[in-house]
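A, B, ... follow the sequence lines: proteins, then strands. Residue 1 opens every chain.
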Amino acid sequence: MSPPLLQVRDLRVHFPVRTGGVLFADYTPLKAVDGVSFDLAAGETLGIVGESGCGKSTLGRAVLQLLPPTSGAVAWLGTDVDLADKAALKARRRDMQVVFQDPLASLDPRMTAGAIIAEPLRNYHPELSSPDIKARVARMMEQVGLLPAMLNRYPHEFSGGQCQRIGIARAMILKPKLVVCDEPVSALDVSIRAQVINLLMDLQRELQLSMLFISHDLAVVRHISHRVMVLYLGKMMELADRDSLYRAPRHPYTRALMTAVPIPDPDQERAKPRAVTFGDLPSPLSPPSGCVFRTRCPKATAICAAAAPPLEAVAAGQLVACHHWRT
Amino acid sequence: MMAVNLSSPHGAALEAAGEVAGRSLWQDAWRRLRANRAAVVSLIILAIIAVASIVGPYLLPWTYDEIDWDHIEALPPDFALGHYFGTDSLGRDLLARTLFGGRISLTVGILATFVALFIGVAVGAIAGFVGGKVDQVLMRFVDLMYSVPLTFFVIILMVLFGRNFILMFLAIGAVEWLTMARIVRGQTLALRGKEFIEAARASGGSTTAIILRHIVPNVLGVVMVYVTLTIPQVILLESFLSFLGLGVQEPMTSWGMLINDGAAELEINPRTLIIPAVFMTVTLFCFNFLGDGLRDALDPKDR
């Protein structure tokens with residue numbers, strides 16, 4: 001079997017945060033991503049869910065090499081990326097693109113839609129003539145559902161959904177192999193959200209893309225992903241096939257996330273069983289010892305404070321990091 | 001207002017009608033600038049003053065340094081003698097001197113400002129975008145330059161290279177770019193964290209490409225305003241240097257020097273002050289309006 005498109009091994013991204021010191025600063029590492037491993041096959045979508053601040057976006061940026069990882073490896077088609085080799089990095093980025101959360105902020109306000117979509121082409125194909133570029137931009141605009149005649153408009157003249165389509169067009173124009181979608185629909189209206197999700201899925205089929213789909217919206221992730229990873233304070237809690245995860249979540253945190261999704265029927269909503277979590281997210285600067293989730297976990301016992309639970313394969317394609325997953 | 005508003009239904013119909021040619025930021029800016037009446041009028045007036053300064057002295061019956069010995073006292077305007085604005089207290093034709101002074105003032109003002117613009121934007125954008133050690137070194141150099149007194153700096157240049165007209169651009173430009181660099185660096189720092197910069201990096205843009213394509217166009221609005229403030233400042237600075245004997249020397253002249261001379265005989269001969277002052281004021285006003293128009297024209301949001 002050919003190696004998976006993307007292999008992430010024990011990836012750690014720590015940011016030094018100044019936590020005191022008068023003359024000489026004391027730094028404490030903020031472990032935004034702490035020991036995450038996964039494989040991504042060609043054409044597969046991996047959903048990444050978690051609360052705000054759990055390291056979802058950092059993980060995405062580290063995979064794209066937009067942030068240098070503290071340790072760990074990101075291998076692409078079986079070979080490691082050397083961050084120092086600029087030419088190799090540029091060649092690698094050709095195959096990896098990103099769609100951002102804020103549609104307007106991710107587009108240069110002084111560039112027209114056409115220039116924005118054409119930018120990756122200009123970077124990677126300086127030999128293309130401007131009519132060629134224009135033709136490809138126009139085709140791409142059609143593909144994402146924008147009128148090619150709008151190429152002279154500026155981002156602020158578009159709606160949020162249209163801006164996100166421009167962002168998607170920019171990400172897709174080089175026909176990448178992997179697209180990291182960093183909460184691409186969180187800033188959009190519900191009606192537009194469905195359109196953009198479906199557009200992403202269509203493009204995925206047409207271009208045989210792999211996707212890392214970062215979101216905190218469980219329904220959206222369920223719709224688009226093949227597998228889902230649950231992150232908490234930078235650590236993997238559970239990684240499973242979509243259906244197993246949504247049918248039988250094993251980790252108490254995943255269960256809590258699932259039951260937190262409101263049901264649009266007040267009677268059912270009141271009657272549904274709720275997995276309890278206590279209190280707020282602990283500070284990522286001083287995470288709890290042992291299992292990071294134990295301070296909010298209804299099942300926590302002494303062992304949880306003593307040792308961090310390893311990732312255990314509890315079923316085919318389902319990994320859980322919890323001492324008490326059996327109960 | 002714009003000639004064709006693309007957001008209007010009429011504009012949309014035009015767009016849908018067929019092939020739309022791509023436009024650059026500059027084409028767009030030029031189109032918007034032409035729609036700004038104050039900016040266009042300013043541009044025309046500036047062009048007239050510039051052409052008059054360049055060509056005018058050749059067409060007048062008197063040159064700027066020629067003394068009319070028969071009228072060595074300040075003569076009121078006399079068309080028969082060809083002194084259309086009269087003469088100064090040494091009997092030299094005031095119009096010829098004003099136009100010739102315009103040459104010097106405009107050249108120094110515009111060239112020195114552009115020197116400052118290029119160095120300042122380059123240094124500021126690189127320091128702000130690259131950050132780290134590069135930023136530290138560049139900005140400490142700027143701090144160092146700030147602490148050198150201007151007159152001292154100019155005197156050193158004069159001693160080293162001799163008195164030279166070009167040197168004045170360099171000296172003034174070398175001082176004026178400092179503030180520009182700080183302004184641009186601040187703006188760049190604010191832009192650096194924006195998502196569209198990250199997007200540009202993700203789509204394979206090199207540092208140079210990102211600075212030229214994204215950072216510079218986005219700081220231009222602020223820079224333009226500062227440029228329009230700098231041109232008048234430079235024109236005044238030049239007159240200050242000339243007054244100290246470090247700039248242009250008699251019988252050459254500039255607007256700053258003419259105003260200086262005129263101010264000395266304000267009570268007996270206000271004409272010698274008012275005429276160059278009017279030229280200078282109109283020019284400065286026009287630069288301000290033009291700068292305002294440019295800032296608006298370069299901001300696509302401000303339609």
Side-chain angles (χ1 to χ4, degrees), chain A residues 60-61 64-67 86 89-94 96-126 130-131 133-134 137-138 147-157 167 170-171 173-174 176 179-180 182, chain B residues 2 4-8 11-29 31-32 187 190-223 295 297-303:
Chain A
R61 279 169 176 66
L64 288 165
Q65 321 288 334
L66 287 174
L67 280 175
K86 285 205 168 138
L89 191 60
K90 188 175 174 184
R92 176 69 46 90
R93 283 207 175 121
R94 203 204 132 96
M96 305 176 166
Q97 291 294 320
V98 56
V99 176
F100 288 99
Q101 173 172 11
D102 186 336
L104 195 55
S106 62
L107 307 177
D108 187 336
R110 308 254 161 161
M111 279 172 112
T112 58
I116 291 169
I117 298 171
E119 199 184 356
L121 276 183
R122 290 189 201 281
N123 285 332
Y124 284 100
H125 296 286
S130 18
I133 288 182
K134 213 181 121 187
V137 167
L147 287 175
M150 299 199 273
L151 89 167
N152 275 332
R153 294 207 197 171
Y154 289 92
H156 68 97
E157 295 174 287
R170 170 177 59 190
I173 196 155
L174 289 171
V179 173
V180 174
D182 188 0
Chain B
M2 281 177 37
V4 178
N5 188 343
L6 290 179
S7 324
S8 72
L14 267 183
E15 272 187 307
E19 192 77 342
V20 182
R23 286 197 312 248
S24 74
L25 180 70
W26 303 106
Q27 289 168 308
D28 257 3
R31 201 170 39 80
R32 278 193 292 263
Q187 293 285 316
L191 285 172
R192 187 167 69 158
K194 291 267 172 74
E195 278 187 339
F196 68 83
I197 300 294
E198 209 173 0
R201 197 168 275 296
S203 49
S206 62
T207 303
T208 325
I210 293 175
I211 288 179
L212 290 179
R213 224 179 274 162
H214 298 285
I215 301 283
V216 170
N218 275 288
V219 298
L220 271 185
V222 181
V223 165
R295 192 207 49 210
L298 283 167
D299 186 358
K301 266 184 247 180
D302 206 73
R303 300 204 147 187

Within the side chain of [X], is there an N or O that forms a donor-acceptor pair under 3.5 Å with the backbone of [Y]?
X: A/Glu157; Y: A/Tyr154; answer: yes
X: A/Arg93; Y: A/Gln65; answer: yes
X: A/Lys90; Y: A/Asn123; answer: yes

For each of [options], tally heavy-atom pairs with chain B at distances under 4.5 Å, and name the one with the top tally.
options: A/Gln97, A/Gln101, A/Glu119; value: A/Glu119
options: A/Ala138, A/Ala171, A/Pro120; value: A/Pro120
options: A/Leu107, A/Val180, A/Ile173; value: A/Leu107

Review point. Looking at side-chain heavy atoms only, is the closest gap between B/Gln187 and B/Val223 below 4.5 Å?
Key: no
Review point. What closest approach, in Å, do A/Ala118 and A/Val137 show between heavy atoms, and which atom pair accounts for it?
Key: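 Result for this residue pair: CB-CG2, 3.7 Å.
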Review point. Looking only at heavy atoms, what is the nearest atom pair of A/Gly167 and A/Val99, with distance?
Key: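 It is O-CG2, 4.4 Å.
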Review point. How about residues 208-216 of chain B versus chain A: which residues have heavy atoms under 4.5 Å apart?
Key: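 Against chain A, the residues of residues 208-216 of chain B that fall inside the cut-off (heavy atoms, under 4.5 Å) are B/Arg213, B/His214.
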Exercise for review: Name all residues meeting the salt bridge (charged side-chain N to carboxylate O under 4.0 Å, His left out) criterion together with B/Glu198; count only those two or more places apart in sequence or in a different chain, and write none if there are none.
Suggested key: A/Arg61
